[in-house]
Protein chains: 2
Amino acid sequence: MARLVGRVSAPTLGRRRQRRSAEREKSIRAAALRIFRQKGFHAASMQNIADAVGLYKGSLYYYVSSKEELLVRLFEGRADQVLGEIRAITYGTGTCTEQLRAMVRAYVLGVLRNLDSVRVYLREEHVLPPAALRQVHDEQRTMRDLFEGVIGHGMRDGSFVGTDPKLAALALLGMCTWVHRWYRPKGRLTETAIADDFADRAIRMLSV
Amino acid sequence: MARLVGRVSAPTLGRRRQRRSAEREKSIRAAALRIFRQKGFHAASMQNIADAVGLYKGSLYYYVSSKEELLVRLFEGRADQVLGEIRAITYGTGTCTEQLRAMVRAYVLGVLRNLDSVRVYLREEHVLPPAALRQVHDEQRTMRDLFEGVIGHGMRDGSFVGTDPKLAALALLGMCTWVHRWYRPKGRLTETAIADDFADRAIRMLSV
DNA sequence: CCTACCGATCGGTAGG
DNA sequence: CCTACCGATCGGTAGG
């Protein structure tokens, strides 16, 4: 039976088997993310990941074509949600101050809710192949442009102080991104407490 | 002559030879720092470092006992200067505002003038053996305590707004440390321009 | 005995 | 998915 199933063409594979396979793939990615975060990409071995999911090392290559691909896939679409939220805010009707406050809040929460991927990405950026690197760099640039846009608008209409929206955006995004280094899920501060505090801080940094 | 020199006891070794050796060691460390920064610790090979300094790989082991030791040594004493400067500021006579401004300035300049070590450290922290890790963590904690101290003092005497000096210190240090990710030596902003701007920004973030 | 290396190879592990 | 491997290269060390 097992032999026979193995010979049927891919499109007609049993549904149950397809689902099992998809689940296995997800568990491989989850293990990879966890282990890449713990040991770093190069120090993490395919054997480590295989052990974690209970497979032989060689069998991983049935699901993924390379260790590098495993890394690339971890970031695919990761930024879309936060980027979408923040773009929506800039399309909204709030004042510059209201918009920036909401953007900082969304950004900090985005970092805190994707801690492992943020940590792995910031450490292993240089391992990404050119196309994937371009992709994440574009996302970063888009994010900065969104902040720079609102800050620049506020500087021109007098809501914010300063004349260099790019530098202000870099300062602000640095403050917010850095939470990935010190945040501990069981710490004294909740995600929303940090997000709200940083939103206030951002506005104050740009006021008067 | 060479034979005779070869026989004298270590303390009376030719000065020239000692100096040459010390220079070689420095050039090995410099190459290691550069290559660790470019490729990451695990992806960088001892062969890469040997190539960079014009030695055979095996010869590196005359100067260093292991690749890990090479990494550890890169951070030894690195924080001392900036930590000393910032501690001196807190011992000075300035107001909280004046002190914090000077501290932020010194910290940002410290990051910008040690770009490679900062980048390698932040990426390879997890590779350090326990004793070295404790050392750098202590330095980081000391730095944060210095900022937290001045900020807390200012919050109590009404110079600064807020009630959580630790969170304020983390926000501030994040903003300042993050410059290592975007600063480019040939960019439009000079080191002091960034340092001065961030000092203003820090004060504003804590005012009214 | 020491120094400053060399050519060759060690035991293991990498991705595939 | 497993077994049995590959070409190569890893960090580190041997004798001279």
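FYI, side chains are in, hydrogens and waters are out, and symmetry mates aren't considered; it's all heavy atoms of this structure. Order of the sequence lines fixes the chain letters, A, B, ..., with proteins taken first and strands second; residue numbering starts at 1 for each chain. Everything numeric in this text was worked out from a predicted model, so none of it was measured.
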Trainee: Tell me if the NE2 atom of A:His153 is crowded by more than 12 foreign heavy atoms within 6.0 Å.
Mentor: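 Open: at most 12 neighbouring heavy atoms sit under 6.0 Å from NE2 of A:His153.
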Trainee: With a 4.0 Å cutoff (strictly under), does any side-chain N or O of A:Tyr61 reach OP1 or OP2 of C:dG16?
Mentor: yes
Trainee: Mark yes or no for a side-chain to base donor-acceptor pair under 3.5 Å between A:Lys67 and C:dG16, with no hydrogen or angle criteria applied.
Mentor: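 In this structure, the two groups form no donor-acceptor pair.
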Trainee: Base, sugar-phosphate alone, or nothing: which one does B:Ala44 contact when heavy atoms must sit under 4.0 Å apart?
Mentor: sugar-phosphate
Trainee: Using whole Å, what does the distance between atom P of nucleotide C:dA8 and atom CD of B:Gln47 come to?
Mentor: 14 Å
Trainee: Verify the contact: side-chain N or O of B:Ser59 to OP1 or OP2 of C:dA4, cut-off strictly under 4.0 Å; return yes or no.
Mentor: no
Trainee: What's the separation between atom CG in A:Leu100 and atom OG1 in A:Thr90, rounded to the nearest 0.5 Å?
Mentor: 11.5 Å
Trainee: On DNA chain C, does the nearest nucleotide to B:Gly54 precede the nearest nucleotide to A:Ser65 from the 5' side, or the other way round? Give the residue.
Mentor: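 The answer here is B:Gly54.
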Trainee: Looking at the side chain of B:Arg24, which of C:dG16, C:dC5, C:dT3 is the nearest nucleotide?
Mentor: C:dC5
Trainee: What distance do A:Leu74 atom CG and A:Asp116 atom CG have between them, rounded to the nearest 0.5 Å?
Mentor: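 One finds 10.0 Å between CG of A:Leu74 and CG of A:Asp116.
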Trainee: What's the closest nucleotide to the A:Tyr62 side chain, out of C:dG15, D:dC1, C:dA4?
Mentor: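 Of the options given, the side chain of A:Tyr62 lies nearest D:dC1.
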Trainee: Check every atom of D:dG11, C:dT3, D:dC1 against the side chain of A:Leu55 and return the nucleotide holding the closest atom.
Mentor: D:dC1
Trainee: Return the value, rounded to whole Å, for the distance between atom CD of B:Glu69 and atom C1' of D:dT13.
Mentor: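 Computing the B:Glu69:CD to D:dT13:C1' distance gives 16 Å.
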Trainee: Just the rounded figure in Å: distance from C1' of C:dG16 to CD1 of A:Ile49.
Mentor: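 Whole-Å distance recorded here is 14 Å.
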Trainee: Can you measure B:Tyr63 atom OH to D:dG12 atom P for me and round it to whole angstrom units?
Mentor: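 Nearest whole value for this atom pair: 18 Å.
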Trainee: Heavy atoms from C-beta onward define the side chain here; which of C:dC5, C:dG15, D:dG11 lies closest to that of B:Ser45?
Mentor: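 Of the candidates, D:dG11 comes closest.
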Trainee: What integer distance in Å separates A:His42:NE2 from D:dC10:P?
Mentor: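 Those two atoms, NE2 and P, are 11 Å apart.
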Trainee: Could you tell me the separation between the CG atom of A:Asn48 and the C1' atom of C:dG15, rounded to a whole number of Å?
Mentor: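 About 13 Å, once rounded to whole Å.
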Trainee: A:Lys57 side chain: which of C:dC6, C:dG16, D:dG11 is closest?
Mentor: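 For the A:Lys57 side chain, the nearest candidate turns out to be C:dG16.
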Trainee: Check A:Ser66 against A:Met46 and note the closest heavy-atom contact, atom names and distance.
Mentor: C-CE, 4.5 Å
Trainee: Send over the distance from A:Asp51 CG to D:dC2 C1', rounded to a whole Å.
Mentor: 14 Å
Trainee: Please work out whether the ring planes of B:Trp182 and B:Phe198 are parallel, tilted or perpendicular, with thresholds of 30° and 60°.
Mentor: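 Geometry flag for B:Phe198 against B:Trp182: tilted rings.
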Trainee: Counting any heavy atom closer than 4.0 Å, what does B:Tyr56 reach on the DNA or RNA strands: base, sugar-phosphate only, or nothing?
Mentor: sugar-phosphate
